[in-house]
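Keep in mind that this is a model prediction, so the values were computed, not measured. Letters A, B, ... mirror the listed sequences (proteins, then strands); counts begin at 1.
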Amino acid sequence: MVCAHQVPPGLPAAAGRACLRPEPPRPLRRSGFLMQQDIFAALRARTVDALRGLLPELPEDAFSRVVVEPPRDASHGDMATNAAMVVAKQAKLAPPKLAADLAAKLAELPEVAEVAPAGPGFINIRLKPEYLRAQLPVVLAVGEAYGDGAPTGRKVNVEYVSANPTGPMHVGHCRGAVVGDGLANLLAKAGHAVTKEYYINDAGAQVQALAWAAWWRYVVVAVRRDPAAIKELASWLGDLTESEAWVVANSEPDGGIVQLVKERIEEHFETKLQYGGNYLVPVGEALWNEFGSSMLTPNDSSLGTIRSFTVAAMMKEIRADLAALGVTHDVFISEAEVVAAGKLDEAEATLNAKGLLYRGILEPPKGKTPDDWEPREQTLFRATQFGDDTDRPLRKSDGSGTYFANDIANHLHKIERGFDELVHVWGADHGGYVKRMKAAVAALSDNRVSLDVVLTQIVHVLKDGQPVRMSKRAGSYITLADLIDEVGRDAVRFTMLTRKADAQMEFDLTKVVEQSRDNPVFYVQYAHARIRSVLRAAGEPAVADLAGADLSALTDSAEMALIRRITTWPRVVEGAAAAREPHRIAFYLNDLASDFHMLWNRGREDATLRFIRPEEPVATRARLALLAATGAVLRSGLQVMGVTPVEELRDERKGDSAEPG
RNA sequence: GGACCCGUAGCUCAGCUGGAUAGAGCGCUGCCCUCCGAAGGCAGAGGUCGAAGGUUCGAAUCCUUUCGGGUCCGCCA
């Protein structure tokens with residue numbers, strides 16, 4: 001599931017190993033250094049060890065705030081730590097004094113070249129270049145598995161998309177799909193056992209309305225295919241006015257009776273027939289082919305059949321759309337089945353046993369009172385005990401379950417399946433729903449299971465800087481399939497992850513296919529293509545061979561900068577996963593690509609820095625090792641994002657030169 | 001009335017859960033192709049981090065207040 005991309009042809013087969021769930025990173029020794037994936041974590045451990053030696057009387061938790069990170073300003077060195085500052089108070093020492101002592105200790109470490117206390121108690125660390133270079137074989141050894149966290153043993157359920165099965169997916173769903181899939185991949189890479197889940201809302205009134213709409217499409221087909229259908233429909237219509245009777249009596253196929261049926265359905269719902277889109281036309285056909293004229297007089301049972309038939313048809317389309325996006329869920333959960341399995345009753349009994357349910361009347365919402373407000377007694381859940389603003393209804397006044405109640409059932413089901421963490425990706429319009437759901441999960445699991453909700457903001461689709469209207473009524477409705485057709489799957493996925501989820505974003509159909517620096521999709525792909533180009537030109541050296549290369553020729557500042565960037569990948573993964581922010585991966589890849597392009601251009605200015613120099617085989621081999629490692633990290637990140645790394649860029653700008661401007 | 005999210009360069013956005021002189025792209029100015037992909041790169045200019053208080057060694061980041069923008073607020077999901 002995390003292996004959405006293919007191993008590019010031409011890469012050694014060994015690179016494909018990343019698609020297996022990697023083994024926990026095992027320290028190995030090479031070049032005299034202990035090899036670990038995250039050198040920042042390694043140095044942090046060293047730092048805390050040193051602190052313990054200096055301050056044996058301090059409790060272990062005194063060190064919890066110690067951070068070893070890349071300094072903002074590269075001139076300060078390779079790493080910086082706040083260690084002296086964060087423990088100084090508890091140690092009753094002045095930070096600069098402690099920093100000086102700690103610095104002396106750190107200077108003895110084999111990895112470290114130079115240590116300098118600075119400012120209010122920072123310690124800047126300069127690593128030995130050979131230690132940094134020694135990370136390249138680590139990367140080459142594990143390939144795209146570089147950055148994988150050690151297995152955490154945590155079972156995490158990520159639920160996303162969950163579009164109502166009432167029509168094809170549109171761009172609004174797309175962001176949630178991409179963010180959810182990227183987040184799930186990210187959490188898996190960080191070491192969690194992830195289940196990707198889709199919750200099918202197939203139990204509500206909207207689905208019922210969908211069934212009626214599908215039935216109407218079926219009627220249209222029936223009248224055309226079977227002359228006797230009109231008579232049977234007339235009996236379903238019941239009491240007819242004189243003019244209606246005339247319409248029925250004189251109805252031709254496609255004639256007025258179809259409209260009469262529509263009006264009657266709309267009366268039934270006191271609204272317009274929903275889901276008027278053409279996508280239900282094939283469903284009407286299929287219903288006719290499947291059931292013939294037997295559905296002409298709908299009742300609860302036959303309508304139930306139509307409903308599940310229609311939902312199945314919609315889900316088939318949705319799954320096809322998701323597949324086109326490269327999104328695959330492990331589990332599809334049906335709301336109706338969860339309820340049918342008794343989870344709603346079970347959840348209610350559980351909450352009741354905890355004394356968290358009562359009969360009561362809610363206050364009307366202030367400021368904006370609905371016209372038809374009346375106080376009504378309902379079954380309420382004490383959400384306020386878990387941080388919500390008000391208690392929440394579980395049952396409607398007619399006794400049936402609210403959506404919230406069904407969702408509680410769904411979450412109980414998840415908890416029973418043994419998940420430790422639940423993660424949802426919702427549209428921001430569901431933001432008001434987060435607190436009550438957290439409250440419910442806390443109540444049902446006695447605070448054992450956490451619920452995190454990532455909200456995604458609206459996407460404004462633009463073309464050439466002009467907004468594209470997405471009104472169903474106007475018919476210019478952009479489906480997900482249209483979007484993928486227009487700009488391609490990789491562009492959709494990457495672009496959707498170049499913004500924090502909870503920030504509105506503009507998606508310009510023109511820009512995301514533009515091949516230039518300001519299109520990060522292209523920029524990162526370009527870096528990968530260039531790397532592959534060099535490796536092809538160098539005759540595809542084996543990764544295992546490069547891993548054994550003498551790297552001492554890598555001395556240029558641009559080469560070292562690229563190595564440093566590579567070494568931060570594990571902590572980027574860890575941080576992004578902890579924050580539930582997959583967009584950080586996109587930004588990291590952009591930075592990594594930038595470091596690479598910079599190095600590339602150094603070779604243009606200074607021929608001695610070119611990657612392939614036949615007269616210097618040792619330096620060439622070292623540089624190819626650096627490139628192979630960079631490529632592996634690029635692929636590692638693209639894999640999380642679900643974007644295919646390309647071998648080469650095709651020139652798709654054909655015709656551009658013919659156009660003026 | 002209340003809840004949640006967002007205010008950072010002219011524009012679009014990052015800012016690694018409290019660190020040092022706040023960053024990137026676009027746009028603007030000036031440079032770099034005898035070359036493994038110039039579809040790139042370098043340099044310059046551009047900021048009271050919406051505002052005001054507070055917490056502490058230290059705040060764009062945390063707290064309070066306030067001003068703008070968005071989303072939502074009992075029987076829709």
Side-chain angles (χ1 to χ4, degrees), chain A residues 65 67 69-73 76 80 82 85-86 88-89 94-95 118-122 124 164 166 201 203-207 335 361-368 370 372-376 378 380 388-390 392-393 395-398 400 402-404 406-407 427-435 455 457-458 498-500 502-506 508 511 514-520 522-523 525-527 529-531 533-538 568 571-572 574-576 578-579 581 583-584 587-588 590-591 594 597-605 607 610-613 627 648-649 651 653:
Chain A
R65 287 176 57 215
V67 172
E69 60 187 354
R72 183 171 294 174
D73 186 341
H76 287 141
N82 61 356
M85 288 181 289
V86 295
K89 190 175 245 179
F122 278 103
N124 292 322
N164 287 340
T166 51
N201 295 121
Q206 290 197 9
V207 176
E335 176 183 6
I361 300 170
L362 286 175
E363 295 289 314
K366 299 202 170 133
K368 193 189 120 191
D372 56 345
W373 171 269
E374 287 171 33
R376 290 191 176 102
Q378 297 171 280
L380 300 175
D388 201 356
D389 312 301
T390 177
R392 302 292 180 177
R395 298 273 177 191
K396 300 174 192 175
S397 49
D398 67 1
S400 62
T402 58
Y403 174 75
F404 179 49
N406 284 357
D407 231 352
D429 54 340
H430 290 66
Y433 204 73
V434 174
K435 278 189 182 178
L455 297 176
Q457 271 288 357
I458 293 171
T498 54
R499 294 283 180 276
K500 242 181 321 195
D502 198 359
Q504 290 186 21
M505 82 175 289
E506 296 188 342
D508 194 316
K511 275 198 171 160
E514 203 169 280
Q515 308 214 331
S516 70
R517 176 69 179 91
D518 64 326
N519 178 4
F522 162 76
Y523 188 71
Q525 293 282 34
Y526 186 30
R530 274 178 153 177
I531 287 171
S533 168
V534 177
L535 292 174
R536 278 194 302 270
T568 62
R571 67 191 304 278
V572 167
E574 191 186 350
E581 290 184 346
H583 77 278
R584 290 191 196 178
F587 281 91
Y588 172 82
N590 199 61
D591 290 342
S594 172
H597 286 304
M598 194 187 303
L599 176 59
W600 177 286
N601 273 81
R602 289 294 288 273
R604 304 187 70 84
E605 291 155 11
R610 289 167 58 87
F611 298 122
I612 301 174
R613 303 197 70 216
L627 289 192
E648 58 185 345
L649 294 167
D651 191 343
R653 297 172 305 156

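- Annotation for A/Tyr433 and A/Phe404: closest pair OH-CA, 2.8 Å, computed over non-hydrogen atoms.
- OP1 and OP2 of B/A3 both lie 4.0 Å or more from every side-chain N or O belonging to A/Lys435.
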Where protein sits on nucleotides 6-16 of chain B, one letter per nucleotide: B base, S sugar-phosphate only, - none, heavy atoms under 4.0 Å: SS----SSSSB

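- Nearest-nucleotide mapping onto RNA chain B: of A/Ile612 and A/Ile458, the residue sitting toward the 5' end is A/Ile612.
- Judged by Watson-Crick or G-U wobble contacts below 3.5 Å, the nucleotide B/C28 has B/G44 as its partner.
- Atom CZ in A/Arg536 sits about 10 Å away from atom C1' in B/C36, given to the nearest Å.
- Among B/A39, B/C36, B/G74, the nucleotide with an atom closest to any side-chain atom of A/Phe611 is B/C36.
- Between A/Gln457 atom CD and B/U71 atom C1' there is a gap of 6 Å when expressed in whole angstrom units.
- In this structure, B/C62 and B/G54 make a Watson-Crick or G-U wobble pair, each of the two defining distances being under 3.5 angstrom.
- Remark: A/Asp389 engages A/Lys435 in a salt bridge (charged side-chain N to carboxylate O under 4.0 Å, His left out) (not counting sequence neighbours).
- Within the 4.0 Å cut-off from OP1 or OP2 of B/C36, not a single side-chain nitrogen or oxygen of A/Ser533 is found.
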Between protein and nucleotides 41-48 of chain B, what N or O pairs are separated by less than 3.5 Å?
| from | atom 1 | to | atom 2 | distance (Å) |
| --- | --- | --- | --- | --- |
| B/G41 | OP1 | A/Arg517 | NE | 3.3 |
| B/G41 | OP1 | A/Tyr523 | OH | 2.3 |
| B/G41 | O4' | A/Asn601 | OD1 | 3.1 |
| B/G41 | O4' | A/Asn601 | ND2 | 3.4 |

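- The same atom, C1', is picked in B/A60 and in B/A77; the two are 38 Å apart, to the nearest Å.
- By the 4.5 Å heavy-atom criterion applied to side chains, A/Arg536 and A/Glu648 are counted as neighbours.
- With sequence neighbours left out, A/Tyr526 forms a ring pair (Phe, Tyr, Trp, His ring centres under 6.0 Å) with A/Phe522, A/His597.
- Distance check on atom P: B/C4 versus B/U66 gives 14 Å, rounded to whole Å.
- The separation between A/Phe404 atom CZ and B/C73 atom P is 15 Å, rounded to whole Å.
- The residue A/Ala428 sits close only to the backbone: its heavy atoms come under 4.0 Å of sugar-phosphate atoms, none of a base.
- Here A/Leu599 contributes atom CG and A/Leu627 contributes atom CG; the two are 7.0 Å apart, rounded to the nearest 0.5 Å.
- Distance A/Glu648 CD to B/G40 P: 17 Å, rounded to the nearest Å.
- Residues satisfying the salt bridge (charged side-chain N to carboxylate O under 4.0 Å, His left out) criterion with A/Asp407, sequence neighbours excluded, are absent altogether.
- Remark: A/His583 pairs with A/Phe587 by the ring pair (Phe, Tyr, Trp, His ring centres under 6.0 Å) rule, at least two apart or across chains.
- Within the 4.0 angstrom heavy-atom criterion, only backbone atoms of the sugar-phosphate kind lie near A/Pro393; the bases stay farther away.
- Between the CZ atom of A/Phe522 and the P atom of B/G37 there is a distance of 14 Å, rounded to whole Å.
- When heavy atoms are screened at a 4.0 angstrom cut-off, A/Ala118 is found touching base atoms of the nucleic acid.
- For the P atoms, the distance from B/C42 to B/U61 is 31 Å, rounded to whole Å.
- B/A9 and B/A45 have their C1' atoms separated by 11 Å, with the value rounded to a whole Å.
- Taken from CD in A/Glu506 to CZ in A/Arg499, the straight-line distance is 8.5 Å, to the nearest 0.5 Å.
- Nucleic acid contact class of A/Arg604 (heavy atoms, under 4.0 Å, all strands): base.
- As a whole-Å value, the separation of A/Asp429 CG from B/C73 P is 9 Å.
- Between B/G69 and B/U64, the distance separating the two P atoms is 22 Å to the nearest Å.
- Residue A/Ala576 is out of contact with every strand shown, counting any heavy-atom pair closer than 4.0 Å.
- In this entry the base of B/C4 is anti relative to its sugar, with a glycosidic angle more than 90° from 0.
- Using a 90° window around 0 for the glycosidic torsion, B/U71 falls outside it and is classed as anti.
- With sequence neighbours left out, A/Arg613 forms a side chain to side chain donor-acceptor pair (under 3.5 Å) with A/Glu615, A/Glu616.
- At the heavy-atom level, A/Ala80 lies under 4.0 Å from base atoms of the strands shown.
- Here A/Glu335 lies in heavy-atom contact (under 4.0 Å) with sugar-phosphate atoms only.
- Out of B/C36, B/G74, B/U71, the shortest distance to the side chain of A/Arg610 is found at B/C36.
- A 3.5 Å limit on both hydrogen-bonding distances identifies B/C13 as the Watson-Crick or G-U partner of B/G23.
- Nucleotide B/G23 holds its C1' atom 17 Å from the OH atom of A/Tyr588, rounded to whole Å.
- With sequence neighbours excluded, the residues forming a salt bridge (charged side-chain N to carboxylate O under 4.0 Å, His left out) with A/Arg584 are A/Glu581, listed by chain and number.
- For the C1' atoms, the distance from B/C33 to B/G41 is 11 Å, rounded to whole Å.
- A gap of 26 Å separates the P atoms of B/G50 and B/G44, to the nearest Å.
- Stacking of A/Tyr526 onto the six-membered ring of B/G37 is not present when judged by under 5.5 angstrom between centres and under 30° between planes.
- Between A/Tyr403 and A/Arg65, the residue anchored closer to the 5' end of RNA chain B is A/Arg65, taking for each the nucleotide with the nearest heavy atom.
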Test side chain to side chain contact (heavy atoms under 4.5 Å, CB included) applied to A/Val534 and A/Ile612, step by step: CA-CA 8 Å; A/Val534 177; A/Ile612 301 174; 3.8 Å; yes

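- Residue contacts shown for A/Gly431 are absent, as no nucleic acid heavy atom lies under 4.0 Å away.
- Comparing the P positions of B/A51 and B/A59 gives an interatomic distance of 15 Å, to the nearest angstrom.
- B/C4 is paired with B/G70 under the criterion used here, namely a Watson-Crick or G-U wobble arrangement in which both key atom distances are under 3.5 Å.
- Across every non-hydrogen atom of A/Asn124 and A/Ala118, the tightest pair is ND2-CB, 3.5 Å.
- A/Leu455 places its CG atom 14 Å from the P atom of B/U71, with the value rounded to the nearest Å.
- Applying the side chain to side chain contact (heavy atoms under 4.5 Å, CB included) rule to A/Lys396 yields the partners A/Asp398, A/Ser400, A/Thr402; only residues at least two apart in sequence or on another chain are considered.
- OP1 or OP2 of B/A38 sits under 4.0 Å from a side-chain N or O of A/Trp600.
- Side-chain atoms of A/Asn124 and base atoms of B/A20 include a donor and an acceptor less than 3.5 Å apart.
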